[in-house]
Protein chains: 2
Amino acid sequence: MEWTIQQVAHSAGVSSRTLRHYDDIGLLPPSRVGDNGYRYYDAAAVARLQRVLLLRDLGLGLPAIADVLDRQQDEEAALRNHIGLLEAERDRLDQRIRAVRRTLDARRSGRDGSMEMMLEGFNDPYRDEVIARWGERVFQESNDWWHGKSLREQRDWKQDTDRLVAGWIEAWEDGVSPTSDRAQAMAARHVEWLRRIPGTPVAEGDRERSIELVRGLGRLYVEDPNYAATYGGTDGAVFVRDSLDEYVRLSM
Amino acid sequence: MEWTIQQVAHSAGVSSRTLRHYDDIGLLPPSRVGDNGYRYYDAAAVARLQRVLLLRDLGLGLPAIADVLDRQQDEEAALRNHIGLLEAERDRLDQRIRAVRRTLDARRSGRDGSMEMMLEGFNDPYRDEVIARWGERVFQESNDWWHGKSLREQRDWKQDTDRLVAGWIEAWEDGVSPTSDRAQAMAARHVEWLRRIPGTPVAEGDRERSIELVRGLGRLYVEDPNYAATYGGTDGAVFVRDSLDEYVRLSM
DNA sequence: GCTTGACCCTGCCGTAGCGTCAACTTCTAA
DNA sequence: TTAGAAGTTGACGCTACGGCAGGGTCAAGC
């Protein structure tokens, strides 16, 4: 018993174009090709098609399917590997969703794109505030540092910052306490991040003023609605402040 | 001040090919093109590039970015819409991951592909078992029904079944009780699913024997390791059995 | 034998976002 | 002047086919 391409396609719920494609790439050659060039499929070919479609439904790529079916590429290993890829993909998606959400929240709380870009540095939009709190020199140096970066470095910095903020928000949403290892690790990351901004006492190794800065930042995050929004609202900012305070007490 | 393509590309951390592509599709034309054909970018063009890259990092497609930047396509709406797409994508991925996991578990517990395909029907691999429990006629009819399906219908049926099983496992993992609305809704789905298999008492409207069948299936799921594995192990199967029992008591 | 309609074939373009040659011209510094 | 760096415009490649165009084949009816 053999069937024409249309019969097989219809029965399997795929298009004849698909079957021709599978023939083209060598995944599923017809069992017989007539003198007229017509493709004919027998029961074995249909069974192979079934296996192909099963694996395809699981999201495997056609070359991977060919590997499994032809080179007896240990199906289980292939599937496990595939799961790994899928999970990585999903994690990337999750990351992205969170990033877009944060951007949206930032927009809604009134910060525009350019402000957003330099929000986390001590830069122009906060000039007066920064100078009043930490002095002209801190503002000058960190500002020069920021504007001296290439676009790429600015984007990379922003990405690091985003990840830092994302880490805080996640920790908070997971309900950990400010004294937990997780929150303290975040605080350490936060201080590391500060160390990379020239002009700050942290970068200069001035312990006393570093402590003052870190504690001051915690207050700023809670009091300034823009910053608070960044950390998921006042509650989130309070969590960050408390974690930083605890870190100062224990580790600085 | 203006820059060459290479300077802009390097500073932004993208390739010059990318900038040419953005020019080709009209997303980012250079501010000036020399008589020699060289592209030159001024500050405005670079600023536009910055916005493009920001949106690109969020995962928006180039046409969507063009919409936002040019047609003032309400950025917030675009981002919200984008989030929706991303979430749908992630949900699809999750579905797939669970499906692949189940397939893997099935493989590990000794069922091969063809068995997996008809596992949930009353078919050949379970011939003796089915006949012993529910009689020859049930087996004959449901078996004929299965083999009378086209490949497509078989795949569709399998997909429905997978979703049913996935629903059970999710409910179980979410920790709901067998008496909860959620579990009872699943049980109703399960019975509906049975109704679609000719030869079963459920399909024929025989209440007494339907009850017997549903309760019997619950027992089978728990006792047969193959079925138990399908439902995520014995514990999951117990949850399904208890839910079905409860459903029988309340709604049949 | 001829027509009609259904079915089959082989290309080829398009998809998203560029990477990667290839072939050629232009600028820049020694 | 000349090498080498940097610029240009094509054009193909990647996934997994969809959707044409243009033309052959088959079964049935007249």
Side-chain angles (χ1 to χ4, degrees), chain A residues 2-41 45 48-49 51-69 82 85-86 89 92-93 96 152, chain B residues 2-41 45 49 51-69 78 82 85-86 89 92-93 96 152:
Chain A
E2 59 182 16
W3 301 271
T4 68
I5 197 172
Q6 205 58 272
Q7 290 169 329
V8 173
H10 185 75
S11 137
V14 302
S15 72
S16 57
R17 176 73 183 77
T18 298
L19 293 181
R20 262 177 236 122
H21 181 59
Y22 291 172
D23 183 12
D24 287 346
I25 63 175
L27 176 59
L28 180 65
S31 50
R32 183 173 76 83
V33 177
D35 295 340
N36 49 20
Y38 281 28
R39 294 170 175 84
Y40 297 99
Y41 298 83
R48 185 179 168 95
L49 173 60
R51 299 202 62 197
V52 168
L53 294 181
L54 269 175
L55 293 173
R56 192 189 69 168
D57 286 347
L58 296 178
L60 271 82
L62 301 189
I65 294 176
D67 279 355
V68 170
L69 294 190
H82 184 54
L85 296 177
L86 289 177
E89 184 76 14
R92 271 197 297 278
L93 261 179
R96 253 231 251 291
R152 183 218 181 81
Chain B
E2 60 182 12
W3 301 271
T4 69
I5 197 171
Q6 220 36 289
Q7 291 169 329
V8 173
H10 185 76
S11 137
V14 300
S15 73
S16 56
R17 176 71 180 81
T18 298
L19 294 180
R20 264 179 235 117
H21 182 58
Y22 290 172
D23 184 13
D24 287 346
I25 64 174
L27 176 60
L28 179 66
S31 51
R32 185 172 74 82
V33 177
D35 295 340
N36 49 18
Y38 281 27
R39 293 170 176 82
Y40 297 99
Y41 298 83
L49 174 59
R51 299 202 61 197
V52 167
L53 295 181
L54 269 175
L55 293 172
R56 193 190 67 167
D57 285 348
L58 296 178
L60 270 81
L62 302 187
I65 294 176
D67 280 355
V68 170
L69 294 189
H82 185 55
L85 295 178
L86 289 177
E89 185 75 13
R92 271 197 298 277
L93 261 179
R96 253 230 252 289
R152 184 219 180 81

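Residue numbers start from 1 in every chain, and the chains themselves are labelled A, B, ... in the order their sequence lines are given, proteins ahead of strands.
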On a whole-Å scale, what distance lies between the [atom1] atoms belonging to [N] and [M]?
| N | M | atom1 | result |
| --- | --- | --- | --- |
| C:dT15 | D:dT9 | C1' | 23 Å |
| D:dC17 | C:dC18 | P | 24 Å |
| D:dA11 | C:dC12 | C1' | 15 Å |

Rounding to a whole Å, what distance do you find between [X]:[atom1] and [N]:[atom2]?
| X | N | atom1 | atom2 | value |
| --- | --- | --- | --- | --- |
| A:Glu89 | D:dT15 | CD | P | 15 Å |
| B:Arg39 | C:dC27 | CZ | C1' | 17 Å |
| B:Tyr40 | C:dC27 | OH | P | 7 Å |
| B:Asp67 | C:dA16 | CG | P | 13 Å |
| B:Asp23 | C:dC18 | CG | P | 14 Å |
| B:Leu28 | C:dG17 | CG | P | 15 Å |
| A:Tyr41 | C:dC7 | OH | P | 16 Å |
| B:His21 | C:dT15 | NE2 | P | 11 Å |

At under 4.0 Å, does any side-chain N or O of [X] touch on OP1 or OP2 of [N]?
| X | N | result |
| --- | --- | --- |
| B:Ser15 | C:dC18 | no |
| A:Thr18 | D:dG18 | yes |
| A:Asn36 | C:dC9 | no |
| B:Gln6 | D:dA5 | no |
| A:Thr4 | C:dC8 | yes |
| A:Arg56 | D:dC17 | yes |

Notebook entry, point to check: Can you tell if the side chain of B:Tyr41 reaches within under 4.5 Å of the side chain of B:Pro30, non-hydrogen atoms only?
Noted result: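 Yes, close enough: below the 4.5 Å cut-off.
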Next item on the list: Would you mind reporting whether B:Arg56 and B:Tyr22 have side-chain heavy atoms less than 4.5 Å apart?
Entry: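 B:Tyr22 reaches B:Arg56 side chain to side chain.
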Smallest separation among heavy atoms of [X] and [Y], with atom names:
| X | Y | answer |
| --- | --- | --- |
| B:Glu89 | A:Leu93 | CG-CD1, 3.4 Å |
| A:Ser15 | A:Ala9 | C-CB, 3.8 Å |
| A:His10 | B:Arg152 | O-CB, 4.3 Å |

Margin query: For a quick check of understanding: with a heavy-atom distance under 4.0 Å over all strands, which category does B:Ile25 fall into, base, sugar-phosphate or nothing?
Written below: nothing
Notebook entry, point to check: Is B:Gly34 touching bases, backbone alone, or none of the nucleic acid, heavy atoms closer than 4.0 Å?
Noted result: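 No contact at all - B:Gly34 keeps every heavy atom at 4.0 Å or more from the nucleic acid.
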Can you tell which of [options] lies closest to the side chain of [X]?
| X | options | result |
| --- | --- | --- |
| A:Pro63 | D:dA16, D:dT8, C:dC18 | D:dA16 |
| B:Arg20 | D:dT8, D:dT25, D:dA16 | D:dT8 |
| A:Arg17 | C:dG19, C:dC12, D:dC26 | C:dC12 |
| A:Ile5 | D:dG7, C:dC9, D:dC26 | C:dC9 |

Item checked: Polar side-chain contact B:Tyr22-C:dG17 base: donor and acceptor under 3.5 Å ->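 Side chain to base: no pair present.
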Next item on the list: Evaluate side chain to side chain contact (heavy atoms under 4.5 Å, CB included) for A:Val68 paired with A:Ile65, printing each intermediate quantity in order.
Entry: CA-CA 5 Å; A:Val68 170; A:Ile65 294 176; 5.8 Å; no
